[in-house]
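All remarks here apply to the structure that follows.
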Amino acid sequence: MGAIQETLVHPITIAPSLLSCDFANIAAELERVEACGGDWHHVDVMDGHFVPNITIGPPVVEKIHAAATAPLDVHLMITDPRKYAKPFAEAGAHVLTFHLEVAPTRQEVLDTVDAFRDAGVAKVGIALNPDTPVERVGEHLGDVDLVLVMSVDPGFGGQPFLADTLTKTAWLREQGYAGHVEMDGGLNAETLPRCAEAGADVLVAGSAIFGADDMAGTIAAFRRAADEARR
Ligand code: DX5
Ligand code: ZN
């Protein structure tokens, strides 16, 4: 067993992205995706500033939390994550992830991580856009529970997977990073196993899961393929 495999202690987590669900029937969608085997609900928060799209804020996350059983994996695509640490933690975020691009210095990362931990979230994550070199997260690896490697430019579901980003995940495992590595954007039957093979353990999929005719079969197949790919 090589160095990369030795760090893969986390079971595969499938995190369906609610961005592709039917928001008019959110409670039913949460129940359906949990019954079909989704592990975490991936919640995309966009502010129309860091990304050109606007989604939901803390009051809606709070309603999702009240209706959900599975943990909420809250991905903040917003310019000022520190300001909203407490509202999202209180709304029920289990994982709370901010983007390195909005906290570009060591001190800003530390302040943001502190704000998230003080707010009481279980896990703190840091995300990287496809254009951001992965080496830039190197000095922060000891401070975060999860690194989110974006495999599309953030803002919209349904975009094609950027395969170059796989090398970032592999790099994180080569550094011996033993936290969660999450990949998000363009994951489907073809690309999701490649993410697991590179070392990702949290796999986000929106359109491929909510757009599937057989949601349970799709999630089960994703998990099987991911488990096989990391062997
Ligand atoms: C994109 C979001 C993703 C998105 C993934 O900005 O961060 O979570 O919902 O959607 P798919 O799986 O359709 O690419
Ligand atoms: Zn996301």
Side-chain angles (χ1 to χ4, degrees), residues 12-23 26 29-30 33 36-57 60-61 64 68 70-79 81 84 88 93-102 121 123-132 144-166 168-169 180-196 200-213 215 218-219 221-223 225-226:
I12 290 291
T13 293
I14 304 289
S17 170
L18 296 177
L19 195 59
S20 296
C21 83
D22 176 3
F23 271 105
I26 186 79
E29 289 286 73
L30 294 165
V33 76
C36 289
D39 299 307
W40 291 354
H41 296 296
H42 185 80
V43 181
D44 288 307
V45 174
M46 307 186 189
D47 65 354
H49 187 75
F50 178 66
V51 288
N53 196 3
I54 300 177
T55 56
I56 59 173
V60 177
V61 174
I64 292 173
L72 304 190
D73 172 31
V74 178
H75 176 194
L76 297 181
M77 285 162 275
I78 67 176
T79 301
Y84 295 96
F88 281 108
H94 177 76
V95 185
L96 193 59
T97 297
F98 66 101
H99 269 261
L100 176 62
E101 295 81 9
V102 300
V121 295
K123 292 175 196 271
V124 174
I126 191 164
L128 293 170
N129 280 345
D131 287 345
T132 302
V144 292
D145 308 297
L146 177 149
V147 180
L148 193 173
V149 175
M150 287 299 301
S151 38
V152 298
D153 287 313
F156 301 93
Q159 303 181 73
F161 183 77
L162 300 171
D164 286 356
T165 58
L166 288 166
K168 294 182 172 186
T169 293
H180 298 288
V181 179
E182 176 168 30
M183 291 192 78
D184 178 15
L187 272 62
N188 55 35
E190 193 263 317
T191 59
L192 181 140
R194 295 164 69 193
C195 299
D201 61 290
V202 182
L203 304 165
V204 177
S207 43
I209 288 177
F210 283 97
D213 291 333
M215 184 186 277
T218 299
I219 292 176
F222 282 180
R223 196 185 309 282

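Read the numbers this way: they start at 1 and go in the same order the structure lists the ligands and their atoms. For this chain, numbers begin at 1 and follow the sequence in order. On a predicted model such as this, the values are computed, not experimentally measured, just so you know.
Backbone and side-chain nitrogen or oxygen atoms of Val204 are examined, and none is located within less than 3.5 angstrom of a nitrogen or oxygen of ligand 1. Below 3.5 Å of separation, one finds no N or O of Gly157 facing any N or O of ligand 1. Between Asp44 and ligand 1, a contact under 3.5 Å exists for at least one N or O pair. Distances between N or O atoms of Gly206 and those of ligand 1 include at least one value under 3.5 Å.
In this structure, Val45 and Asp47 have side chains that are not in contact, with every pair of non-hydrogen atoms separated by 4.5 Å or more. Side-chain contact between Asn53 and Phe156 is present, with heavy atoms from C-beta onward closer than 4.5 Å.
Set against the non-hydrogen atoms of Pro154, the atoms of ligand 1 under 4.0 Å away are 6 (O). Near Met77, the atoms of ligand 1 lying under 4.0 angstrom from a non-hydrogen atom of the residue are 6 (O), 7 (O). Under a 4.0 Å criterion applied to the non-hydrogen atoms of His75, ligand 1 contributes the atoms 7 (O). Listed by atom number, the atoms of ligand 1 under 4.0 Å from Gly185 heavy atoms are 14 (O). Listed by number with element, the atoms of ligand 1 under 4.0 angstrom from any heavy atom of Ala205 are 12 (O). Atoms of ligand 1 found under 4.0 Å from any heavy atom of Met46, numbered from 1 in the order shown, are 6 (O). Remark: ligand 1 atoms within the under-4.0 Å shell around heavy atoms of Met150 are 7 (O). Close contacts of ligand 1 with Ser207, meaning ligand atoms under 4.0 Å from a residue heavy atom, involve 11 (P), 12 (O), 13 (O).
Rounded to 10°, the angle formed at the Zn ion (ligand 2) by ND1 of His75 and NE2 of His42 is 100°.
Side chains of His42 and Asp44: a donor on one and an acceptor on the other come within 3.5 Å. Looking at Asp184 and Ser17, their side chains never bring a donor and an acceptor atom within 3.5 Å of each other.
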Task: Residue pair Leu72, Phe88: steps toward the side chain to side chain contact (heavy atoms under 4.5 Å, CB included) verdict - done: CA-CA 10 Å; Leu72 304 190; Phe88 281 108; over 6 Å; no

- [ ] Walk me through it: do Ile209 and Met215 pass the test side chain to side chain contact (heavy atoms under 4.5 Å, CB included)?
- [x] CA-CA 6 Å; Ile209 288 177; Met215 184 186 277; 3.8 Å; yes

TODO: Report the C-alpha distance between Leu18 and Glu29 in whole Å, list the side-chain angles of each, state the deciding distance to 0.1 Å, and finish with yes or no for side chain to side chain contact (heavy atoms under 4.5 Å, CB included).
DONE: CA-CA 9 Å; Leu18 296 177; Glu29 289 286 73; 5.6 Å; no

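The main-chain N or O of Val124 is found under 3.5 Å from a side-chain atom of Asp145 such that the two form a donor-acceptor pair. Between the Thr97 side chain and the His75 main chain, no donor and acceptor come within less than 3.5 Å of each other. For the pair Ser151 (side chain) and Met183 (backbone), a donor-acceptor distance under 3.5 Å is absent.
Selection from Asp184, Asp73, Ile209, Asn53 by nearest heavy atom to atom 8 (O) of ligand 1 gives Asp184.
Closest to the Zn ion (ligand 2) among the N, O or S atoms of Asp184 is OD2. When distances from the Zn ion (ligand 2) to the N, O or S atoms of Asp44 are compared, OD1 comes out shortest.
Using the six-membered ring where Trp is involved, His180 and Trp40 have ring planes that are perpendicular, over 60° apart on the 30 and 60° scheme.
Taking CG from Leu96 and CG from Leu146, the interatomic distance works out to 11.0 Å, rounded to the nearest 0.5 Å.
In terms of protein heavy atoms, atom 1 (C) of ligand 1 is closest to Phe156 O, 3.6 Å. Atom 6 (O) of ligand 1 has Gly155 N, 2.7 Å as its closest protein atom, hydrogens excluded (heavy atom only). Nearest protein heavy-atom contact of atom 14 (O) of ligand 1 is Gly186 N, 2.8 Å.
With a 4.0 Å cut-off on non-hydrogen atoms, Ser17 touches ligand 1 through its side chain and not its backbone.
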